Amino acid sequence: MYSKTLLDISSRITPADRHVHLVHRFLVPRNTRQLRIDFAYSPKLLQDEARQNTLVRQAVDRYMEPELREVAYTDPDYLVLQNLLTVSLDDPAGFRGAAHRANKEQIIIVSESTATPGFLAGPLPAGLWELTVSLHEVVTDKCQFELQVQAAETEGADGL
Amino acid sequence: MTIRWVACELHTHTVHSDASHTLDEMATAARELELDWIALTDHNTVSGWAFKEQVEAKRGIGILSGLEWTTFYGHMLTLGANVLHHADWRFTGPDDIDEGIAGIHKSGGLAGIAHPFRIGSPICTGCYWEFTIGKWKALDYIEVWNGPSPHMKAFNQRAYLFWTELLNRGLRIPAVSGRDWHHSLLSSEATLAVTYLGVHEEAAAGYAGGGAALESAVQDPRKGVSEPQLLEAIRLGAVSVTQGPLLKLYARETGREENRTFGIGEVARVDPSAGSRLSLTVEADFEVRKRQWSLEGQELKLCLVGSAGIVAEWIVPPVSAAFKTCSDMTGQRWIRAELYGTMNGQAGLLAFTNCIYVEEGSLTL
Ligand SMILES: [Zn+2]
Ligand SMILES: [Zn+2]
């Protein structure tokens, strides 16, 4: 069904990259009927307990008032730290959607008539589109993400 | 001048970002909670808006268009317009928020800080407000109560104190609540805050004409109120926030021949040199959304608070009543009403009005 791969990239990121936006500009060809974006990253959770405690301590000290800190250091709600990478999409005219959600594996479909929640259905104009991966949080030493965009052509488009 | 108070939930998410319910499911739950309007404020997208009218008609509730600018340096709620063309959070650094807010205004939207003191990264990414604001006046509102049972959370108490500080510095900024609604399930202990927005009755369409108009308005999911009217109510600070009874506040100038009544969000003038004083009335309405909460068997404390301290205090039973006092308002830049009691076994602030601002001087210049 998907006849063309428009982008296929694998990136390794580290905590130094947190708060970076990685913009992938790619060409959507004429007569594109549907786009499929596959996005996956790993690991999701920080398993290193010592590092986790250090990061929680730093956050509590930075954001909470002194008298509340002691309890907060061991607050079970705080002791699950995770990477958060989100994807957003722009067509040549502007915003086409974003997936601000925690899932580490996502498939996003955009077409003229339907779109995955978070994205805007509508015509798929040919030209340079952008897929931005926003690195909201990177707590693990290393994190790897895979990003792939495929296009399905309008039927009969070849027969011109 | 009659004000209609519209029960609103101003901070919600759906499957279009990271929540588990659809707009339709949330609207159904909102109706059960006796809300009049909800604002759809998904993280960084407006794709959920496409279902707005359909859900409004089906579920009989008004839906305000909004989104939550979910950035690395803070979360900002926007209401009333698709701001993404003029205000792209991905291009907004920690020192660029003034331009971001200008872009939101250019789009016709309102900008409000969400949960300014919720713990930040890496526990809750961007949740603590770290943007440097140059022009505080440009901000349209601040969410001082975030989440269920807001009075029990330290970050909300801090936000409320911070709002008070801003008011004392002369900034006239409205304060609202937001459930930050992510799923329709709710533990039975939790209480929910509602932001009431005050719309002038004559401005509310469909209600002026009596019986027939009233009937059509009952079938109108938007209850005869428009989105621009609700945005204007926020802009003006015609706002009252509560987990239970609705508080209203009025000020009337005495000692003058022509005296008018000022409501929440308005600026009242007093001229102490001319012997003028303000007659102040606090009304507590215990009939609103009655199925949702109970304060039975409690004695509550109702306070009239100003920038220079407490103006009046009453110990009151949990029934609808009005309370009056009179003050020359010396040194007061603003006044608001606050209700204290116990919910979920924790004592604290249960409701508050936004301010009536006070200026000294004669009205006729
Ligand atoms: Zn938020
Ligand atoms: Zn939110």
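Naming convention: chains lettered A, B, ... in sequence-line order (proteins, then strands); numbering from 1 in each chain. This is a predicted model, so every value here is computed, not measured.
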I'd like to know if A:D91 and A:R96 make a salt bridge, using a cut-off of under 4.0 Å between side-chain N and carboxylate O. yes

Taking every non-hydrogen pair under 4.5 Å, which of A:A102, A:G97, A:G94, A:S88 racks up the most with chain B? A:S88

Among A:H19, A:R18, A:E137, who wins on heavy-atom pairs under 4.5 Å with chain B? A:H19

Taking the six-membered ring for Trp, are B:H43 and B:H13 parallel (under 30°), tilted (30 to 60°) or perpendicular (over 60°)? parallel

Positions in residues 40-59 of chain A that reach chain B, provided some heavy atom is under 4.5 Å away: A:L55, A:V56, A:A59

How about B:H86 and B:S107: does a side-chain donor come under 3.5 Å of a side-chain acceptor? no

Considering only heavy atoms, which portion of A:L135 lies under 4.5 Å from any heavy atom of chain B: side chain, backbone, both, or neither? backbone

Check B:L110, B:L10, B:T12, B:L40 against B:L64 for a side-chain contact (heavy atoms from CB on, under 4.5 Å) and give me the one that passes. B:L10

With a 4.5 angstrom heavy-atom cut-off, which part of B:Y73 approaches chain A: side chain, backbone, both or neither? side chain

Structural part of A:V60 lying under 4.5 Å from a heavy atom of chain B: both

Contact summary for A:G118 and B:T45, nearest pair of heavy atoms: O-OG1, 2.7 Å

Could you check whether the rings of A:F26 and A:W129 sit parallel, tilted or perpendicular, using 30° and 60° as the cut-offs? tilted

Is it the side chain or the backbone of A:D90 that comes within 4.5 Å of chain B heavy atoms, both, or neither? side chain

Grab the two heavy atoms, one from A:V87 and one from A:V133, that are nearest each other, plus how far apart they are. CG2-CG2, 4.5 Å

What residue, out of B:D42, B:N44, B:T71, has the most heavy-atom pairs lying under 4.5 Å from chain A? B:N44

A side-chain contact here means heavy atoms from C-beta on lying under 4.5 Å apart; do B:W181 and B:M26 qualify? yes

Contact leader toward chain A among B:T125, B:D18, B:T70, where contacts are heavy-atom pairs under 4.5 Å: B:T125

Given 3.5 Å as the limit, does a donor-acceptor pair link the side chain of B:H16 with the main chain of A:F119, or not? no

